Amino acid sequence: MKKDNIIQNKSYAFAVKIIKTYQHLCTTQKEFVLSKQLLRCGTSIGANIEEAIGGQSDKDFYAKLTIAYKEARETHYWIRLMKDTNYLSQEEANYLLKDTEELLRIIGSIQKTLRNS
């Protein structure tokens, strides 16, 4: 992995946090349904970033980036829902929400740059 690709590095690190959160939810909260949704979309962000980087065209890159953005929005939703239903503590949720919002800003900025070029 290249050191200078911020979105690639941040989305990967975020996926690791999501997997650890999923493991925590399954073992301590015995929650297996909502946490599976979080696992799916939270790890999908980085997977789609990787696909975008390997895209065959600018159009392909943009399309995968758009999917990553949508997955980040969904992740944000599940984290808020789990916080408001007490599966995640305020602290746990805020830790993840901060990262999700950062990913959304970065991806959104890349999309905007691509649209304007």
Side-chain angles (χ1 to χ4, degrees):
M1 188 179 315
K2 292 191 279 183
K3 289 183 180 180
D4 61 343
N5 193 323
I6 292 168
I7 190 63
Q8 185 180 31
N9 295 338
K10 286 186 181 286
S11 61
Y12 183 86
F14 183 71
V16 170
K17 289 178 187 178
I18 289 294
I19 291 169
K20 289 180 179 182
T21 300
Y22 171 76
Q23 292 168 331
H24 164 74
L25 287 164
C26 289
T27 57
T28 63
Q29 299 285 352
K30 303 297 182 211
E31 200 303 304
F32 304 101
V33 179
L34 300 176
S35 58
K36 189 69 131 191
Q37 289 291 107
L38 178 66
L39 178 68
R40 187 200 57 72
C41 60
T43 56
S44 180
I45 301 165
N48 280 289
I49 298 287
E50 289 290 335
E51 283 192 56
I53 291 167
Q56 297 184 359
S57 66
D58 289 345
K59 187 177 178 182
D60 191 28
F61 178 82
Y62 189 83
K64 291 297 180 187
L65 208 58
T66 298
I67 295 169
Y69 186 86
K70 289 177 179 180
E71 294 292 345
R73 292 279 344 146
E74 184 180 344
T75 301
H76 196 267
Y77 170 83
W78 289 116
I79 295 167
R80 289 187 347 258
L81 186 63
M82 285 191 245
K83 176 186 73 169
D84 292 341
T85 55
N86 299 316
Y87 281 112
L88 290 174
S89 71
Q90 191 82 24
E91 185 181 323
E92 291 167 326
N94 289 343
Y95 172 71
L96 293 171
L97 287 170
K98 182 178 161 246
D99 286 349
T100 309
E101 289 160 6
E102 182 180 22
L103 288 170
L104 284 164
R105 278 192 303 276
I106 295 169
I107 296 167
S109 176
I110 295 168
Q111 288 177 305
K112 185 177 179 181
T113 300
L114 290 171
R115 275 193 307 268
N116 294 335
S117 62

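Just so it is clear, the structure is predicted and the values come from calculations on it, not from any experiment.
- How far CG of Leu65 is from CG of Asn48: 9.0 Å, rounded to the nearest 0.5 Å.
- Annotation: the span from Ile19 atom CD1 to Leu39 atom CG amounts to 6.5 Å, rounded to 0.5 Å.
- Rounding to the nearest 0.5 Å gives a distance of 8.0 Å between CD of Glu51 and OG of Ser44.
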- Tell me, with the steps shown, if Ile45 and Ile107 meet side-chain contact (heavy atoms from CB on, under 4.5 Å). CA-CA 10 Å; Ile45 301 165; Ile107 296 167; 4.2 Å; yes
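- More than 12 heavy-atom neighbours from other residues, nucleotides or ligands sit within 6.0 angstrom of NZ on Lys83.
- To the nearest 0.5 angstrom, Thr43 atom OG1 is 11.5 Å from Tyr12 atom OH.
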- Message: The test is side-chain contact (heavy atoms from CB on, under 4.5 Å); show your working for Met82 and Gln29 and say whether it passes.
- Response: CA-CA 11 Å; Met82 285 191 245; Gln29 299 285 352; over 6 Å; no
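- Annotation: side chain of Trp78 is in contact with side chain of Leu34 (closest heavy-atom distance under 4.5 Å).
- With a 4.5 Å cut-off on side-chain heavy atoms, Leu103 and Ile49 do not count as touching.
- A salt bridge links Glu71 with Arg40: the closest approach of a Lys/Arg side-chain nitrogen to an acidic carboxylate oxygen falls below 4.0 angstrom.
- In this structure, Leu25 and Ser35 approach most closely via the heavy-atom pair CD1-CB, 3.7 Å.
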Throw together a table of side-chain donor-acceptor distances under 3.5 angstrom for residues 93-100, partners on residues two or more places apart or in other chains.
{"residue": "Asn94", "atom": "ND2", "partner": "Gln90", "partner atom": "O", "Å": "3.3"}
{"residue": "Asp99", "atom": "OD2", "partner": "Lys17", "partner atom": "NZ", "Å": "2.4"}
{"residue": "Thr100", "atom": "OG1", "partner": "Leu96", "partner atom": "O", "Å": "2.8"}

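- Closest of all the heavy-atom pairs between Thr21 and Leu88 is CG2-CD2, 3.8 Å.
- When side chains are defined from C-beta on, Tyr62 does not count as touching Asp58, because their heavy atoms never get closer than 4.5 Å.
- Remark: Asp84 CG to Ile79 CD1 distance equals 12.0 Å, nearest 0.5 Å.
- With hydrogens and angles ignored, the 3.5 Å screen pairs a side-chain donor or acceptor of Thr113 with a backbone N or O of Ser109.
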- Full working for side-chain contact (heavy atoms from CB on, under 4.5 Å) between Leu114 and Phe61: CA-CA 10 Å; Leu114 290 171; Phe61 178 82; 3.4 Å; yes
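- A single hydrophobic cluster is not seen to contain both Ile67 and Phe14; linkage of ILVMFWY side chains at heavy-atom distances under 4.5 Å, directly or through other members, places them apart.
- The distance from the OG1 atom of Thr85 to the CD atom of Glu31 is 8.0 Å, given to the nearest 0.5 Å.
- Put simply, the side chain of Ile110 does not reach to within 4.5 Å of the side chain of Tyr69, judged on heavy atoms.
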